[in-house]
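Order of listing sets the numbers, starting from 1, for every ligand and every atom in it. Position 1 is the first residue of the sequence; numbering continues from there.
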Amino acid sequence: MTEQPTPRDTGPVVPFARMNGLGNKIIVADMRGRRSRIAPEAARALAERAETSFDQIMAVHDPRTPGTDALVLILNADGSEAGACGNGTRCVAQALAAETGRRDFTFETRAGLVLAAEREDGLLTVDMGAPRFGWRDIPLAEEFADTRAIELQIGPIDAPILHSPSVASLGNPHAVFWVEEDVWSYALDRFGPVLENHPLFPERANITIARVTAPDAMTIRTWERGVGLTLACGSAACAAAVSGARTRRTGRRVTVTLPGGDLLIDWRTSDDHVLMTGPAEWEWSGRLDPETGAYSRDDETAAA
Ligand SMILES: N[C@H](CCC[C@H](N)C(=O)O)C(=O)O
(Lines give C-alpha, C1' and ligand atoms only; values in the text may rest on other atoms or scores of the structure.)
Protein backbone atom coordinates (compact mmCIF):
# COMPACT_ATOMS: atom_id res chain seq x y z
CA MET A 1 0.00 0.00 0.00
CA THR A 2 2.89 2.38 0.74
CA GLU A 3 4.16 4.34 -2.25
CA GLN A 4 7.52 5.91 -2.91
CA PRO A 5 7.75 9.55 -1.88
CA THR A 6 6.75 11.81 -4.75
CA PRO A 7 8.12 15.29 -5.31
CA ARG A 8 4.61 16.71 -5.64
CA ASP A 9 1.40 14.96 -4.73
CA THR A 10 -0.53 15.92 -7.83
CA GLY A 11 -3.04 13.66 -9.50
CA PRO A 12 -4.97 10.79 -7.96
CA VAL A 13 -1.96 9.14 -6.29
CA VAL A 14 -3.02 8.61 -2.68
CA PRO A 15 -4.49 5.16 -1.99
CA PHE A 16 -7.67 5.35 0.04
CA ALA A 17 -10.36 3.06 1.35
CA ARG A 18 -13.97 4.08 1.71
CA MET A 19 -15.06 2.49 5.00
CA ASN A 20 -18.13 2.30 7.20
CA GLY A 21 -17.83 2.87 10.95
CA LEU A 22 -21.33 1.96 12.15
CA GLY A 23 -22.82 4.20 9.48
CA ASN A 24 -20.23 6.94 10.04
CA LYS A 25 -18.89 7.45 6.50
CA ILE A 26 -15.11 7.29 6.69
CA ILE A 27 -12.32 7.70 4.14
CA VAL A 28 -8.98 6.22 5.26
CA ALA A 29 -6.25 7.87 3.16
CA ASP A 30 -2.74 6.42 3.07
CA MET A 31 -0.45 9.47 3.25
CA ARG A 32 2.58 7.45 4.39
CA GLY A 33 5.72 8.35 2.50
CA ARG A 34 4.37 11.82 1.66
CA ARG A 35 5.18 15.16 3.18
CA SER A 36 1.99 16.91 2.11
CA ARG A 37 -1.39 17.04 3.83
CA ILE A 38 -4.83 16.54 2.39
CA ALA A 39 -6.05 20.02 1.51
CA PRO A 40 -9.34 21.23 3.04
CA GLU A 41 -10.49 22.02 -0.52
CA ALA A 42 -9.87 18.40 -1.52
CA ALA A 43 -11.91 17.22 1.45
CA ARG A 44 -14.80 19.53 0.58
CA ALA A 45 -14.74 18.40 -3.06
CA LEU A 46 -14.89 14.73 -2.00
CA ALA A 47 -17.67 15.49 0.49
CA GLU A 48 -19.80 17.13 -2.18
CA ARG A 49 -19.87 14.12 -4.51
CA ALA A 50 -22.47 11.48 -3.72
CA GLU A 51 -20.10 8.56 -4.24
CA THR A 52 -17.34 9.88 -2.00
CA SER A 53 -19.44 11.91 0.44
CA PHE A 54 -17.98 11.25 3.86
CA ASP A 55 -18.15 12.37 7.47
CA GLN A 56 -14.41 12.14 8.27
CA ILE A 57 -11.19 11.59 6.36
CA MET A 58 -8.64 9.76 8.48
CA ALA A 59 -5.29 10.70 6.92
CA VAL A 60 -2.68 8.12 7.95
CA HIS A 61 0.80 9.73 7.95
CA ASP A 62 4.22 8.35 8.87
CA PRO A 63 4.68 8.21 12.66
CA ARG A 64 6.55 11.19 14.10
CA THR A 65 6.85 9.89 17.67
CA PRO A 66 8.79 6.73 18.57
CA GLY A 67 6.51 3.94 19.75
CA THR A 68 3.56 5.03 17.62
CA ASP A 69 2.39 3.35 14.41
CA ALA A 70 1.09 6.39 12.59
CA LEU A 71 0.17 10.04 12.88
CA VAL A 72 -3.55 10.26 12.11
CA LEU A 73 -4.93 13.64 11.07
CA ILE A 74 -8.70 13.94 10.89
CA LEU A 75 -10.72 16.14 8.54
CA ASN A 76 -14.45 16.80 8.75
CA ALA A 77 -16.66 17.09 5.67
CA ASP A 78 -16.41 20.91 5.80
CA GLY A 79 -12.59 20.70 5.67
CA SER A 80 -12.11 21.57 9.37
CA GLU A 81 -9.85 19.47 11.57
CA ALA A 82 -11.02 17.23 14.43
CA GLY A 83 -8.79 16.03 17.28
CA ALA A 84 -10.56 12.72 17.72
CA CYS A 85 -12.84 10.38 15.82
CA GLY A 86 -13.79 7.09 17.47
CA ASN A 87 -15.51 5.40 14.52
CA GLY A 88 -12.79 6.47 12.11
CA THR A 89 -10.07 5.16 14.43
CA ARG A 90 -11.65 1.69 14.31
CA CYS A 91 -11.58 1.93 10.51
CA VAL A 92 -7.88 2.88 10.49
CA ALA A 93 -7.06 0.01 12.85
CA GLN A 94 -8.99 -2.43 10.69
CA ALA A 95 -7.25 -1.27 7.50
CA LEU A 96 -3.81 -1.60 9.12
CA ALA A 97 -4.70 -4.97 10.66
CA ALA A 98 -5.70 -6.25 7.19
CA GLU A 99 -2.42 -4.92 5.77
CA THR A 100 -0.03 -6.07 8.48
CA GLY A 101 -1.70 -8.98 10.29
CA ARG A 102 -1.11 -7.13 13.55
CA ARG A 103 -3.93 -6.48 15.99
CA ASP A 104 -2.75 -3.66 18.28
CA PHE A 105 -1.93 -0.13 17.24
CA THR A 106 -0.96 3.17 18.81
CA PHE A 107 -1.91 6.28 16.89
CA GLU A 108 -0.83 9.83 17.48
CA THR A 109 -3.62 12.35 16.90
CA ARG A 110 -4.03 16.09 17.53
CA ALA A 111 -5.73 15.00 20.76
CA GLY A 112 -2.91 12.73 21.94
CA LEU A 113 -2.25 9.00 21.81
CA VAL A 114 -5.08 6.63 20.96
CA LEU A 115 -4.80 2.85 21.24
CA ALA A 116 -6.81 0.53 19.01
CA ALA A 117 -7.08 -3.25 18.90
CA GLU A 118 -8.87 -5.77 16.72
CA ARG A 119 -10.55 -8.46 18.80
CA GLU A 120 -10.88 -12.16 17.96
CA ASP A 121 -14.53 -11.62 16.98
CA GLY A 122 -13.57 -8.94 14.44
CA LEU A 123 -14.92 -6.01 16.45
CA LEU A 124 -12.45 -3.27 17.32
CA THR A 125 -11.82 -1.54 20.62
CA VAL A 126 -10.45 1.99 20.80
CA ASP A 127 -9.01 3.46 24.00
CA MET A 128 -10.13 7.07 23.71
CA GLY A 129 -8.14 8.14 26.78
CA ALA A 130 -9.51 9.96 29.82
CA PRO A 131 -12.31 12.49 29.25
CA ARG A 132 -11.73 16.06 30.40
CA PHE A 133 -14.37 18.10 32.14
CA GLY A 134 -12.70 21.44 32.89
CA TRP A 135 -14.39 24.38 31.16
CA ARG A 136 -11.09 25.48 29.61
CA ASP A 137 -10.39 21.97 28.31
CA ILE A 138 -13.65 21.58 26.41
CA PRO A 139 -13.43 24.58 25.74
CA LEU A 140 -16.28 26.79 26.98
CA ALA A 141 -16.27 30.57 26.58
CA GLU A 142 -17.00 31.14 30.26
CA GLU A 143 -16.32 29.47 33.55
CA PHE A 144 -18.55 26.66 34.80
CA ALA A 145 -17.46 24.91 37.99
CA ASP A 146 -19.70 21.89 37.35
CA THR A 147 -19.88 20.70 33.77
CA ARG A 148 -22.31 17.83 34.48
CA ALA A 149 -25.15 20.21 33.61
CA ILE A 150 -24.46 23.72 32.41
CA GLU A 151 -26.87 26.59 31.93
CA LEU A 152 -27.81 26.54 28.28
CA GLN A 153 -31.15 26.10 26.65
CA ILE A 154 -32.68 26.35 23.27
CA GLY A 155 -36.34 27.02 22.63
CA PRO A 156 -38.86 29.36 24.28
CA ILE A 157 -37.96 30.46 27.82
CA ASP A 158 -41.18 29.08 29.30
CA ALA A 159 -40.87 25.71 27.57
CA PRO A 160 -37.25 24.76 27.13
CA ILE A 161 -36.91 22.18 24.41
CA LEU A 162 -33.31 21.19 24.97
CA HIS A 163 -31.49 22.43 28.05
CA SER A 164 -28.75 21.92 30.67
CA PRO A 165 -26.32 19.78 28.68
CA SER A 166 -23.41 17.84 30.13
CA VAL A 167 -20.22 18.94 28.46
CA ALA A 168 -16.90 17.12 28.07
CA SER A 169 -13.87 16.80 25.86
CA LEU A 170 -13.14 13.37 24.41
CA GLY A 171 -10.33 14.90 22.38
CA ASN A 172 -13.09 17.01 20.79
CA PRO A 173 -15.88 19.11 22.32
CA HIS A 174 -19.21 17.49 23.15
CA ALA A 175 -22.52 18.66 24.61
CA VAL A 176 -25.02 15.99 25.65
CA PHE A 177 -28.67 16.93 26.19
CA TRP A 178 -30.66 14.36 28.20
CA VAL A 179 -34.28 13.94 27.20
CA GLU A 180 -37.21 11.85 28.43
CA GLU A 181 -38.93 11.42 25.07
CA ASP A 182 -37.93 9.56 21.93
CA VAL A 183 -34.71 11.10 20.58
CA TRP A 184 -36.34 11.19 17.14
CA SER A 185 -39.02 13.58 18.38
CA TYR A 186 -36.46 16.43 18.42
CA ALA A 187 -35.65 18.46 15.31
CA LEU A 188 -31.89 18.03 15.64
CA ASP A 189 -31.43 19.18 12.07
CA ARG A 190 -32.83 22.56 13.16
CA PHE A 191 -31.25 22.89 16.64
CA GLY A 192 -27.96 21.19 15.78
CA PRO A 193 -26.43 24.01 13.74
CA VAL A 194 -27.51 26.65 16.27
CA LEU A 195 -26.03 24.75 19.21
CA GLU A 196 -22.88 23.72 17.32
CA ASN A 197 -22.15 27.40 16.74
CA HIS A 198 -23.40 28.73 20.08
CA PRO A 199 -21.06 31.44 21.49
CA LEU A 200 -20.55 29.29 24.59
CA PHE A 201 -18.46 26.93 22.40
CA PRO A 202 -15.53 28.94 20.97
CA GLU A 203 -14.33 25.88 19.01
CA ARG A 204 -17.89 24.80 18.20
CA ALA A 205 -19.19 21.49 19.56
CA ASN A 206 -20.67 18.13 18.65
CA ILE A 207 -24.30 18.11 19.81
CA THR A 208 -25.97 14.95 21.11
CA ILE A 209 -29.47 14.13 22.31
CA ALA A 210 -29.48 11.16 24.69
CA ARG A 211 -32.17 9.10 26.39
CA VAL A 212 -31.61 6.43 29.01
CA THR A 213 -33.41 3.18 28.14
CA ALA A 214 -32.01 0.95 30.93
CA PRO A 215 -29.38 1.31 33.68
CA ASP A 216 -26.87 0.00 31.15
CA ALA A 217 -28.30 1.32 27.89
CA MET A 218 -29.07 4.55 26.10
CA THR A 219 -30.12 5.82 22.69
CA ILE A 220 -28.45 8.86 21.12
CA ARG A 221 -28.51 11.02 18.00
CA THR A 222 -25.71 13.41 17.13
CA TRP A 223 -25.25 16.58 15.12
CA GLU A 224 -21.52 16.51 14.36
CA ARG A 225 -19.40 19.61 14.32
CA GLY A 226 -18.23 20.29 10.79
CA VAL A 227 -20.48 17.61 9.31
CA GLY A 228 -24.15 17.67 10.37
CA LEU A 229 -26.43 14.75 11.19
CA THR A 230 -24.57 11.44 11.01
CA LEU A 231 -25.64 7.84 11.53
CA ALA A 232 -23.04 7.41 14.27
CA CYS A 233 -20.44 9.36 16.21
CA GLY A 234 -18.12 7.29 18.38
CA SER A 235 -16.75 10.09 20.52
CA ALA A 236 -20.33 11.31 21.13
CA ALA A 237 -21.28 7.82 22.32
CA CYS A 238 -18.32 8.04 24.73
CA ALA A 239 -19.37 11.54 25.86
CA ALA A 240 -22.95 10.35 26.45
CA ALA A 241 -21.80 7.27 28.36
CA VAL A 242 -19.49 9.34 30.56
CA SER A 243 -22.24 11.88 31.17
CA GLY A 244 -24.69 9.09 32.05
CA ALA A 245 -22.29 7.79 34.69
CA ARG A 246 -21.35 11.26 36.01
CA THR A 247 -25.00 12.19 36.49
CA ARG A 248 -25.88 8.75 37.91
CA ARG A 249 -28.32 7.99 35.15
CA THR A 250 -26.40 4.83 34.17
CA GLY A 251 -23.44 2.71 35.20
CA ARG A 252 -19.97 3.00 33.66
CA ARG A 253 -20.48 0.17 31.16
CA VAL A 254 -23.30 0.82 28.69
CA THR A 255 -24.60 -0.11 25.29
CA VAL A 256 -25.15 3.04 23.26
CA THR A 257 -27.61 2.69 20.40
CA LEU A 258 -27.01 5.12 17.54
CA PRO A 259 -28.96 5.34 14.27
CA GLY A 260 -26.24 3.16 12.67
CA GLY A 261 -26.15 0.49 15.38
CA ASP A 262 -24.68 -0.23 18.80
CA LEU A 263 -21.39 0.65 20.49
CA LEU A 264 -20.26 -0.82 23.79
CA ILE A 265 -18.71 1.85 25.99
CA ASP A 266 -16.74 1.03 29.13
CA TRP A 267 -15.50 3.90 31.30
CA ARG A 268 -12.71 2.01 33.02
CA THR A 269 -12.41 2.67 36.74
CA SER A 270 -8.70 1.92 37.05
CA ASP A 271 -7.45 4.80 34.88
CA ASP A 272 -10.61 6.69 33.80
CA HIS A 273 -10.00 5.78 30.15
CA VAL A 274 -13.02 5.30 27.91
CA LEU A 275 -13.02 2.11 25.82
CA MET A 276 -15.28 1.99 22.78
CA THR A 277 -16.02 -1.28 20.95
CA GLY A 278 -17.77 -1.62 17.61
CA PRO A 279 -17.46 -2.68 13.96
CA ALA A 280 -15.61 -1.32 10.92
CA GLU A 281 -16.24 -2.37 7.32
CA TRP A 282 -14.30 -1.88 4.10
CA GLU A 283 -16.52 -0.78 1.19
CA TRP A 284 -14.33 0.09 -1.78
CA SER A 285 -10.97 1.60 -2.55
CA GLY A 286 -9.38 4.04 -4.94
CA ARG A 287 -6.82 6.78 -5.34
CA LEU A 288 -7.30 10.45 -4.66
CA ASP A 289 -5.56 13.70 -5.40
CA PRO A 290 -4.75 15.31 -2.02
CA GLU A 291 -4.82 18.81 -3.54
CA THR A 292 -8.07 18.73 -5.51
CA GLY A 293 -10.03 15.69 -4.33
CA ALA A 294 -10.18 14.19 -7.84
CA TYR A 295 -10.24 10.40 -7.52
CA SER A 296 -10.47 7.09 -9.31
CA ARG A 297 -11.87 3.79 -8.08
CA ASP A 298 -9.70 0.69 -8.10
CA ASP A 299 -12.56 -1.38 -9.50
CA GLU A 300 -12.88 1.18 -12.32
CA THR A 301 -16.68 1.14 -12.21
CA ALA A 302 -16.68 4.90 -11.83
CA ALA A 303 -14.30 7.82 -11.83
CA ALA A 304 -14.42 11.49 -10.98
N1 LIG B 1 -17.41 10.78 13.88
C2 LIG B 1 -16.42 10.98 14.90
C3 LIG B 1 -16.44 12.28 15.56
C4 LIG B 1 -15.94 13.37 14.71
C5 LIG B 1 -15.96 14.63 15.48
C6 LIG B 1 -15.94 15.78 14.62
N7 LIG B 1 -17.20 16.04 13.97
C8 LIG B 1 -15.44 16.98 15.39
O9 LIG B 1 -15.22 16.91 16.60
O10 LIG B 1 -15.25 18.00 14.74
C11 LIG B 1 -16.43 9.89 15.92
O12 LIG B 1 -16.81 8.79 15.60
O13 LIG B 1 -15.98 10.13 17.04
Side-chain angles (χ1 to χ4, degrees), residues 18-28 38 40 43-44 47 53-59 72-95 107 109-112 114-116 123-129 131-132 137-140 165 167-176 188-189 192-193 195-198 201-210 220-243 256-265 273-281:
R18 172 55 194 263
M19 298 189 68
N20 175 3
L22 205 78
N24 220 182
K25 297 185 288 181
I26 306 291
I27 288 177
V28 177
I38 292 177
R44 285 192 288 269
S53 92
F54 68 90
D55 301 325
Q56 274 80 41
I57 295 179
M58 309 295 289
V72 179
L73 300 179
I74 306 165
L75 288 168
N76 287 316
D78 71 354
S80 65
E81 243 197 297
C85 174
N87 291 331
T89 303
R90 290 200 314 279
C91 293
V92 173
Q94 210 221 41
F107 303 126
T109 70
R110 293 270 191 234
V114 174
L115 310 180
L123 294 181
L124 298 108
T125 298
V126 177
D127 179 342
M128 303 283 290
R132 287 179 303 158
D137 297 323
I138 294 167
L140 301 177
V167 288
S169 171
L170 269 298
N172 52 1
H174 287 272
V176 179
L188 190 53
D189 54 339
L195 290 165
E196 174 194 359
N197 295 292
H198 192 284
F201 305 118
E203 293 179 15
R204 303 190 285 161
N206 297 287
I207 306 299
T208 292
I209 302 177
I220 71 168
R221 286 175 71 209
T222 299
W223 173 274
E224 277 194 32
R225 174 179 71 161
V227 185
L229 289 177
T230 57
L231 292 179
C233 177
S235 51
C238 296
V242 160
S243 169
V256 181
T257 299
L258 306 94
D262 289 356
L263 291 173
L264 181 66
I265 310 293
H273 283 206
V274 182
L275 308 179
M276 177 204 62
T277 300
E281 285 168 6

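- The contact shell of ligand 1, taken as protein residues with any non-hydrogen atom closer than 4.0 angstrom, comprises Asn24, Gln56, Asn76, Ala82, Ala84, Cys85, Gly86, Asn87, Asn172, Asn206, Glu224, Arg225, Cys233, Gly234, Ser235.
- Inter-residue side-chain proximity for Lys25 and Arg18 is flagged as met; some heavy-atom pair is nearer than 4.5 Å.
- Here salt bridge (Lys or Arg N to Asp or Glu O under 4.0 Å) pairs that include residues 75-85, with residues two or more places apart or in two chains, are Asp78-Arg204, Glu81-Arg110.
- Under the 4.5 Å side-chain criterion, counting only non-hydrogen atoms from C-beta, Leu195 is not in contact with Pro165.
- Under the rule for a side chain to side chain donor-acceptor pair (under 3.5 Å), the partners of Glu224 that lie at least two apart in sequence or sit in another chain are Asn24, Gln56, Thr230.
- Residues passing the side chain to side chain donor-acceptor pair (under 3.5 Å) test with Ser235 are Asn172, His174, sequence neighbours excluded.
- Atoms CG and CG, from Leu231 and Leu258 in turn, are 9.5 Å apart once rounded to the nearest 0.5 Å.
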